[in-house]
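Note sheet for the following structure.
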Amino acid sequence: MDRRDFLIGAGAIVPALAAPRLAHAVDAFPEKDITFIIPYSAGGGFDNYVRAIAPAMEKYLPHKVNVIPTNVAAGGGTRGTNQLYRAKPDGFTIAIFNIPGMFVLQERGGAEYDLAKVTWLGSIGRDHYGIGVGASSPLKSVADLKALSATRPVKFTTTGPEATAYAATLIATDLLGIKSQLIGGYKGSNDYVVAAIRGDGDAVITALPLLRRMQAGGELRILADFEPHSTVPGAADAASLGQPELAEIVLERLIGAPPGLPPDIAAVLSDALAKAVADPATVAWGKASDSELAWAPPERAARILAEQAAFFQKWKKYLAPG
Amino acid sequence: MLDLWLSGFLGLMQVRELAFLGIGMAIGVVFGAIPGLGGATALALLMPLTYGLEPFTALALSGGVMGAIPMGGSITAILLNAPGAAPNAATCLDGYPLAQQGKAGLAIGAAASANSLGGIIGTISVLAVLPVAKQLVLLFGPPEFFLMTIFALVTVASASRRQLLRGLITGGLGLMISFIGYSDVIGGERFTFGTDYLWDGINIVPALIGLFAVAEMINLSAKGGTVSRAVGTVVVTRMWSGVLETFKHLGTVLRGSLIGTLIGAIPGESGTVAAFLSYSLTVQASKDPGSFGKGNIEGVIAPEAAINAKDGSALIPTIAFGIPSGAEMAVFLGILILHGMQPGPLMLMNNQREIYGLVWALTASCLLASSVGLLFVRPLALITLIDADILAPLVLCVAFVGSFSVNGEIENVIVTAVFGILGYLMIRFDYPRLTVVIALVLGNTTERSFRQSMAMSDGDWSIFVHRGTSLVIIASIALTLALPLLRVLVRRARSPA
């Protein structure tokens with residue numbers, strides 16, 4: 001046997017020897033606790049989703065381990081996502097992703113991760129956006145916003161330039177032909193919606209569930225709902241506004257693991273997540289808290305990312321470093 | 001209205017709710033006493049455990065924790081100069097000098113009673129203003145935030161007027177440090193030197209542990225001996241004198257409680273601001289401002305009353321609009337959502353029984369924790385008699401572990417060490433730490449609210465005098481600046497020619 005034959009032989013034998021060990025590894029998975037990274041502070045929207053799903057996920061993993069929500073905030077989510085990306089691809093570290101937020105940060109530069117290489121486990125839901133004004137605002141419709149825009153830029157309250165809402169506001173107002181000025185720096189979505197109600201700005205563009213809650217409390221009026229067909233009585237939608245692209249401005253909640261996670265382990269995690277989203281306790285939580293929960297499998301999650309990447313590539317001018 | 005108060009109270013007076021309230025209180029005292037842990041950590045650890053509880057029971061448990069945290073924090077602040085949580089740093093300023101004089105019992109007694117009274121006044125204020133909670137939150141926009149931060153900075157600077165230049169130097173240093181990290185306004189990071197850790201700025205809790213606890217232990221080791229310099233004169237049973245002192249200074253309690261209630265109701269403002277503002281205004285109002293920082297009992301009463309009064313009113317922005325006033329309230333917000341209560345205008349209408357129950361739970365826990373504090377004054381005060389050679393390694397160990405446990409990051413330990421050295425140098429060369437703390441806490445808010453105000457008004461400065469709330473704050477700033485001058489004039493007028 002020459003050296004070449006030996007190497008070919010060894011190449012055939014090594015996977016054969018490794019296969020039962022890998023199978024054993026998958027059978028044993030998970031043998032220790034799983035860290036579920038939330039790249040934002042405790043108490044926020046993404047944090048709530050993970051904390052609602054984690055206990056249910058523990059029920060559906062093949063072995064009894066804890067799923068530990070861990071907040072790694074800073075840099076608009078970059079730090080936690082970097083940490084996930086650098087983690088060992090062994091299934092013991094997973095994270096929730098704000099898409100397109102994390103994509104926006106990647107495009108702006110400074111992030112260490114590449115979303116195209118992340119192992120996607122699925123999606124747990126999406127929110128469409130909409131436009132709201134304070135309940136006592138004289139602005140009654142999108143037409144009023146356009147009329148105001150003819151005299152001066154319309155002021156929108158929002159968060160920092162790294163966040164989805166910031167880019168969403170710029171893109172939506174561009175599509176609607178509204179000249180805008182952003183008052184940024186608010187700490188979270190509740191904060192900048194209340195700022196609009198208070199009159200810091202003329203209007204706000206944010207995720208619909210929050211706008212619906214504030215409208216139900218009598219504090220805010222929804223002028224537009226960016227869904228293809230509005231679910232908010234009296235609000236204009238993407239179709240009636242003549243801008244179907246508005247429906248592409250969404251907030252997706254994807255779950256991912258570090259690049260190179262073995263497919264068998266990814267399947268175990270994905271299966272547990274799917275069952276956790278459908279668990280009666282999680283569903284009850286979603287209804288009570290008006291949180292949109294809908295499971296989409298890994299391949300759909302990867303497609304969502306590709307669609308969002310394509311959409312935001314078109315609007316790259318609004319993602320330029322601050 | 002009264003039936004809602006009663007309904008919340010009766011809901012809490014059930015065996016299970018009271019049991020969970022008691023458990024929460026015990027956890028709160030322990031987590032409050034250990035530097036670095038605090039309310040946010042306690043609630044985050046308890047959050048998954050509340051999953052199987054009834055919402056009202058979960059609120060009793062959370063209220064128990066939140067109401068007891070300040071008392072736990074004040075004990076270590078007084079005995080070891082180690083603030084359990086950031087707001088307790090203000091208690092260190094006069095509480096620790098009292099411990100050094102052998103009056104730890106007096107200080108803890110005063111802290112416990114000021115805590116209780118502050119909690120009760122805070123509860124009454126919150127119950128009174130809940131019906132107009134939304135309007136109250138909406139009174140404060142970026143111009144008012146900016147003016148409030150200026151008011152706090154001016155007040156604290158005035159309080160250190162004997163060392164004005166040194167106060168300005170440390171205040172400037174605090175402001176510079178507060179600008180480290182990612183800025184939401186400019187959309188980029190500053191002074192982070194390529195480190196991920198610094199993106200979130202300097203974490204205030206590890207910084208304060210260093211500035212107070214570590215600095216003091218270095219100082220104590222350098223000097224040798226015990227915390228209490230007058231070992232022979234330690235009278236641990238002075239706690240009832242401390243309780244009495246609180247009742248002698250009801251004006252200070254009332255002022256602190258009102259400041260705490262007001263600051264708590266402002267979205268985004270923290271207990272640290274309330275405690276330091278209350279302390280500084282008490283120094284301002286005192287006939288003997290020179291005695292503060294050297295063991296004036298009012299310097300303990302003022303921040304303690306504010307911290308506990310603030311707890312109740314901090315629920316207002318959290319519940320009315322889902323805007324937490326700090327890390328602890330942010331985690332509590334998560335607990336509310338986990339139990340199907342969505343903070344916002346609707347919660348004020350739909351979950352009134354739970355809200356009032358929570359307010360009662362906070363008050364009950366605060367009273368219980370104060371009693372526990374008084375119960376253990378004697379053994380706790382003996383800590384001040386332990387020799388530095390034994391005490392310093394133990395406290396440093398707890399301080400560094402506590403700092404690490406804030407969010408499990410080793411960089412926190414480095415921050416604590418750096419601030420420890422800085423704090424020691426400030427003690428050694430007699431530079432005030434009051435100004436550096438308040439600047440560190442408020443720097444970011446000052447910059448953000450100023451930029452937002454300018455964006456709102458297209459650069460027109462008159463935005464700061466447009467609204468009634470702004471005018472009231474400006475008048476308060478003017479009064480704070482004029483008060484020392486007025487006092488000198490009055491003294492001159494009274495003194496015989």
Side-chain angles (χ1 to χ4, degrees), chain A residues 41-44 47-48 51-52 54-55 66 69-76 78-79 82-83 108 110 152 155 157 159-163 166 181-191 193-195 197-201 210 213-214 216-219 281 284-285 287-291 321-322, chain B residues 40 43-44 47-48 51-52 134 137-142 181-189 192 196-201 267-268 317 320-324 327 329-335 337-349 407-409 448-449 451-453 455-456 458:
Chain A
S41 306
D47 181 66
N48 294 329
R51 287 182 194 274
N66 298 309
T70 306
N71 301 89
V72 186
T78 310
R79 189 158 176 241
N82 282 347
Q83 195 165 311
R108 285 171 59 89
R152 65 160 171 86
K155 290 178 180 169
T157 54
T159 182
E162 79 288 350
Y166 196 94
Q181 180 193 338
L182 271 50
I183 300 173
Y186 293 94
K187 280 292 177 192
S189 47
N190 284 53
D191 204 4
V193 170
V194 170
I197 292 169
R198 190 169 49 220
D200 294 2
L210 177 56
R213 279 200 295 277
M214 290 293 183
E219 300 296 329
W285 169 81
K287 275 190 185 150
S289 62
D290 194 19
S291 305
Chain B
L43 288 179
M47 193 192 276
Y51 202 61
K134 283 191 280 186
V137 172
L138 294 176
L139 278 177
F140 286 84
Y182 194 90
S183 163
D184 289 320
V185 181
I186 63 165
E189 79 259 35
T192 58
D196 273 13
Y197 174 79
L198 290 175
W199 275 35
D200 217 9
F321 289 112
I323 303 171
M329 277 294 155
V331 183
F332 176 65
L333 199 87
I335 293 180
I337 293 168
L338 196 66
H339 286 276
M341 287 173 273
Q342 189 67 52
L346 280 181
M347 189 175 168
L348 282 175
M349 294 180 229
N407 50 10
E409 292 187 285
R448 187 175 60 246
S449 50
R451 284 175 182 260
Q452 286 171 334
S453 303
M456 283 167 67
D458 298 319

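We name chains A, B, ... by the order of the sequence lines, and we start the count at 1 in each one. Hydrogens, waters and symmetry mates play no part in the numbers below; they use all other heavy atoms, side chains included.
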CZ/R51(A) to CD1/I335(B) distance, rounded to the nearest 0.5 angstrom? 9.0 Å
Would you find a donor on one side and an acceptor on the other, under 3.5 Å apart, between the side chain of R198(A) and the backbone of F140(B)? yes
Would you compute the distance between atom CG of D47(A) and atom CG of L333(B) and round it to the nearest 0.5 angstrom? 9.5 Å
Please confirm whether the backbone N or O of G184(A) pairs with a side-chain atom of Q452(B), one donor and one acceptor, at under 3.5 Å? yes
Nearest 0.5 angstrom please: T78(A) OG1 to E189(B) CD, how far? 8.5 Å
For R79(A) and Y197(B), what are the C-alpha separation, side-chain angles and deciding distance, and is it a side chain to side chain contact (heavy atoms under 4.5 Å, CB included)? CA-CA 8 Å; R79(A) 189 158 176 241; Y197(B) 174 79; 3.9 Å; yes
Do R448(B) and Y186(A) make a side-chain contact, defined as non-hydrogen atoms from C-beta onward lying under 4.5 Å apart? no
Side chain / backbone / both / neither for A54(A) at chain B, heavy atoms under 4.5 Å: neither
Under 4.5 Å between any side-chain heavy atoms of D458(B) and K155(A), yes or no? yes
Using non-hydrogen atoms only, which part of Q181(A) is less than 4.5 Å away from chain B: side chain, backbone, both, or neither? side chain
As an exercise, state the distance from CG of D200(A) to CE of M456(B), rounded to the nearest 0.5 Å. 4.0 Å
